[in-house]
Each structure stands twice: as C-alpha cells, then as structure tokens.
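Comments concern the structure below.
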Amino acid sequence: MNIFDLIGPIMVGPSSSHTAGACRIGLVARKMLGEKPAEAQILLHGSFAATGKGHGTDRALVAGLLGMEPDDLRIPESFSEAEKEGLSFSFGTVKLDGAHPNSVLLRLTGENGGKLEMIGASVGGGKIEVREINGLKLRFTAEYPTIIIQNHDNPGSIAWVSNLLADAGVNIATFQVTRNSRGREAIMVIECDSPVTEEMISAIRENPDIISAGKVNL
Amino acid sequence: MAVFDSVESLLKEAAASGEEMWEYVLRASSEEANISIDESWAKMSATLDAMLESYRSYDPEQRSASGLVGGDAQLMKEARDRGTTICGPFISSVIATALSVSECNACMHRIVAAPTAGSCGVLPAVLLPYAHGRKLGDDDLIKALYVASGFGAVIATRASISGAEAGCQAEVGSAAAMAAAALVYLHGGTPEQMANAVAMALKNMMGLVCDPVAGLVEVPCVKRNVAGAMNALSAADMALAGITSRIPPDEVIDAMKEVGAQLPPGLRETGQGGIAVSPTALRLFPEEGR
Ligand code: SF4
C-alpha cells in the first residue's frame, strides 16, 4: 500500500482513470515505440469511447504520446502541442472483445518509420496495464523496469535471455511468455527489480531469434 | 505488511513504537516503499504545495467540458464575505474551498487526488480554512496528511477507494474519513479519537451511490465534496468531544465494502442510475442515457 496513492497522485483532472490513466497509456506507448510518434490512430473502447471527451481522455492520450506526465499543465492544450511537434492523430471508436471498459487501441508510426499497435487499459486510480502488443496478448503495468522482446519461437531463447540478464546482475521479478496462434512468434515480457540499460537491450537484439527488443519504465 | 491491514493494528503498532501517529505512518510507509524518511517528506511536501496551488488556481469564469460546472465557489465566497450565511465564516470557507478545488478538477486543472480525483476537494476544504484560522505552518499540514493517508491506506486495503467498485461512499466517504482523522490530529486529539472520527465519518456516508451525470466527474461530484467536508468536521468534533463509535472502525470499513458489493452496477460509476438518469440529466445528455 503506497500512501501516495491515497494522497496523490498529483494530476490534471478530472478523472484518475479517464485522464491520468489515459495519459500514462500514451506515455507507455511512446516509450515502447522507442521514437517520437509521427502518426497516431487512436481507437477508444467502452467507457473511454462513451465519456472520454468530457473527461479529456482524448487530450490526455495525445499528451502522453507527446511525452507528457499526468501532472503536465499542458494536457488541456495537447492538441495544439501535437501540431507543433509534428504529430498527426485521428480518433475513432472500436469494440474490443473482452477488453477492460477503459481501453484504447493505439496504432503508431514513429518518425523513423517504426510501428506499434498496442492495447492499453486504465484499471483505476491512474494505474494502467498494457494488454496487447502487435496482436499478442500480455499484461504488464510498466511500473517496474520492463523488457519486451518479440522473438521466433525456437528452443533456447528464453534461457538465453535470462542468462544474459543474470550475467548483467539484473534480478527478474516476473517473466511472461505468450505465443501467437501460429506458434512461430512469441513475446517475452520481463519485469526486473533494477534498471535496464540500453546496452543490455542491444545485447539481446544480437541473437538472430530476436525480432525486436525494447524497454519501458514509467 | 500488516500495519495498514486494520485500524486496530495501526493504533497498536503506533502506540508500541512510542511515536506520534503521523511519525509512525511516515516511518512505516517509507520502510514499506523502500524510500528514506527524507524522500517521503519531500514528496508529501510537494504534494501539499500542489494541493494549495489547486485551490489558488480557481478562476470564477472557468467552465467544465459539459458546461455544467463552474462559478459556484465564487457565489459561496461572495455570500461568506457578505456575512449572510447561516453557518458563519469558517464553515462558509470550508464549503467554498470544497467547491473551488472540485470545480478546478472538473475544469482540468492540476489537483491532488485524495484519495481520488472526484473527491479531491474534501481534504483541502477542511485543512486550508482550519490552518488559516490558526496560523498553522506547512509542517503541521504535512503531518496531518500522513495521518489521513495512514487511515486511508487501511480503508483501501480492507475495502476500496473506487467509485466503480464500491460507490461514492468509497470516494467521498473515504475522503471524509481521512479528513476527519487529520482534523482530530490537528486539534490535538488522540489516535483513538482519530479512529472514532474515521468510523463515524464512514458510517454517515454508508451507501452513498456513484451516479455521475453523463459519466462525468462533475454532477453530483462537486457538491458532494462539500457534504464530505461537513461530515468530516462533525465527525471530528464528535470524536474530540469524547463521543465514540459504537461499532469499531474496522467493522465499519468491512460493512462499507459489503455495501459496495451489494450496490447494483448502475450505481457504481456507470452513469446509468441515480441522478445520472434523472429526466433532466437525460434531456441534457440524450446520448449517454440508455
Ligand atoms: S459520484 Fe462517483 S465519480 Fe462522482 S465523486 Fe462520487 S464516486 Fe467519484
């Protein structure tokens, strides 16, 4: 129980789930993309679609994509900030099967052409969970240093990654593996107890079975 | 850790430590979060600054996204300054502060969720006028926030602080309970009196539903913060007068959780019950009404 969840967070109103949480989802997506987003298709689901506008969910999501934290006073003006930063965005609604009522599907293209499709959910009190990346279901909060790896599902990749982290002195808190239906690609989500460096990520990328690797920490 | 699992253990552990309640909450929560006492204090101090700023940022002209919220705090301040209110200047300031901060939240200002954004007006509503009248310093208010968060942590652990889960009793009700404990502390009361104030404040909001019009944190949220603040004041005064809750605080918190579970989904932040489906609300927001 973190007492700063009782007196806090410091945030731009009006809703911890629909404003602060939405901003954090945008922020995590930006970090996962690993570059400045240039284009964003934002599809709102459930309560986000129904009451998002009045709660500033739309502006908060764009603010997060621009790298703003939930207490950033520029959130209400994020649309004009986006114009200055060269981010073009569009909004729509979507019905996602079995998704949390406060969910959003983001389709991003970075300024260097990188792509990311992510479903994020705002699960209450400003807390969020990433629920899907590039069509693969998973679940993490980004509150811990988290490594996300997409790989060809060949024997030994998991052991290889965990050995590499052990050699770097990183303690693994949780380790999830998800395969897509075809069974040829998998995603590893690794929550760590200590910070993960860019060098470790580069080292992970050297394995030919690894398609992509990135890290995120709010 | 077990400290914040019950009011009973909170009182017992604090007494055993020989520390004041605020000091105990500060130390125990820092140990749990693995941060230093200084780091925690600095963070709470920044939080208080943000709370004060959320009050100062009020603008009588501001209006919320729906246009339903704005201007009410100003009307209350004017009535207070004319000296025509029934409750007198102190209570009128409490009402005006609750409205100010909650209106600021609805208008996308920066606020401190306490415990939630919808209930962010309750704590500042009682703390600011109280401190102003007595020339208290920031340190006293920071200590009061630790007291409030300690009892709030128990409510969050045993029950809920989410309107979607347990109705407004869990948001404004919990805020009132936290504010009552903080007031008892500032007024020199004992930890037992704080606990009694928490129990009485929560009991008196038991069953309060969450029924925001159009699903927005505007109506009835803003004015409900006033009710929470007034409830905190009376609970604190009762406890300080030596009145006890006949039902122990932990049992009250458990009952609040149970009531929350029994609330139909329409009365838990879905905007599909209570005030949200009143004819006027449905006329104003035809799309949201189902
Ligand atoms: S009515 Fe619902 S949304 Fe409004 S303050 Fe209460 S719990 Fe929060």
Side-chain angles (χ1 to χ4, degrees), chain A residues 1-24 44 46-60 62-63 68-79 93 100-102 121-127 143-144 173 193-194, chain B residues 1 3-5 25-26 29 32-33 40 43-44 46-48 50-51 54 64-66 69 102 104-118 120 123 145-146 148-157 161-162 164-165 174 178 212 214-218 221 269-271 287-288:
Chain A
M1 182 53 54
N2 179 353
I3 57 161
F4 292 103
D5 289 336
L6 278 311
I7 307 283
I10 302 171
M11 54 166 276
V12 167
S15 162
S16 50
S17 54
H18 286 63
T19 322
C23 180
R24 297 187 87 194
L44 303 170
S47 172
F48 266 15
T51 69
K53 205 166 170 54
H55 280 134
T57 305
D58 46 2
R59 286 177 276 172
V62 169
M68 295 183 204
E69 302 274 350
D71 67 344
D72 198 308
L73 288 172
R74 296 170 301 163
I75 291 173
E77 276 81 52
S78 68
F79 287 2
T93 59
H100 186 280
N102 299 329
S122 180
V123 296
K127 297 195 173 304
E143 278 170 35
Y144 307 91
D193 286 331
S194 45
Chain B
M1 242 171 64
V3 204
F4 297 115
D5 283 0
V25 173
L26 165 59
S29 63
E32 204 181 314
S40 175
K43 192 165 177 191
M44 195 59 96
T47 303
L48 174 66
M51 194 179 268
S54 72
S64 65
S66 73
V69 164
S102 302
C104 285
N105 177 58
C107 298
M108 293 189 85
H109 290 214
R110 183 156 62 198
I111 53 91
V112 177
T116 61
C120 70
L123 269 153
L145 291 179
Y146 277 109
S149 66
F151 287 95
V154 176
I155 299 174
T157 307
I161 53 163
S162 149
E165 263 176 75
S174 301
M178 291 162 65
L216 300 177
V217 190
E218 299 193 6
C221 316
E269 214 176 292
T270 50
E287 273 156 40
E288 274 75 13

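In what follows, every chain begins at residue 1, and chains take the letters A, B, ... in the order their sequences are listed.
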Which portion of [X] sits near chain A, non-hydrogen atoms under 4.5 angstrom:
{"X": "B:I161", "value": "side chain"}
{"X": "B:A33", "value": "neither"}
{"X": "B:S66", "value": "neither"}

Report yes if some heavy atom in the side chain of [X] is under 4.5 Å from a heavy atom in the side chain of [Y]; otherwise report no.
{"X": "B:H109", "Y": "A:V12", "value": "no"}
{"X": "A:I3", "Y": "B:M44", "value": "yes"}
{"X": "B:L123", "Y": "A:I7", "value": "yes"}
{"X": "A:F4", "Y": "B:S40", "value": "yes"}

Is A:T19 close to chain B through its backbone or its side chain, or both, or neither, when contacts mean heavy atoms under 4.5 Å?
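Just the side chain, heavy atoms under 4.5 Å.
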
If you count heavy-atom pairs under 4.5 Å between each of [options] and chain A, which one has the most?
{"options": "B:G150, B:A113, B:S29, B:G118", "value": "B:A113"}
{"options": "B:C221, B:A153, B:A114, B:A65", "value": "B:A153"}
{"options": "B:I111, B:V112, B:T157, B:T47", "value": "B:I111"}

Give me the atom names and distance for the closest heavy-atom approach of [X] to [Y].
{"X": "B:A214", "Y": "A:T51", "result": "O-CG2, 3.4 Å"}
{"X": "A:G13", "Y": "B:M108", "result": "O-CG, 3.5 Å"}
{"X": "B:R110", "Y": "A:D71", "result": "NH1-O, 2.7 Å"}
{"X": "B:A117", "Y": "A:M11", "result": "CB-CE, 3.7 Å"}

Find the one option among A:P76, A:G8, A:G54 whose heavy-atom pairs under 4.5 Å with chain B are most numerous.
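When all of A:P76, A:G8, A:G54 are compared, A:G8 has the most.
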
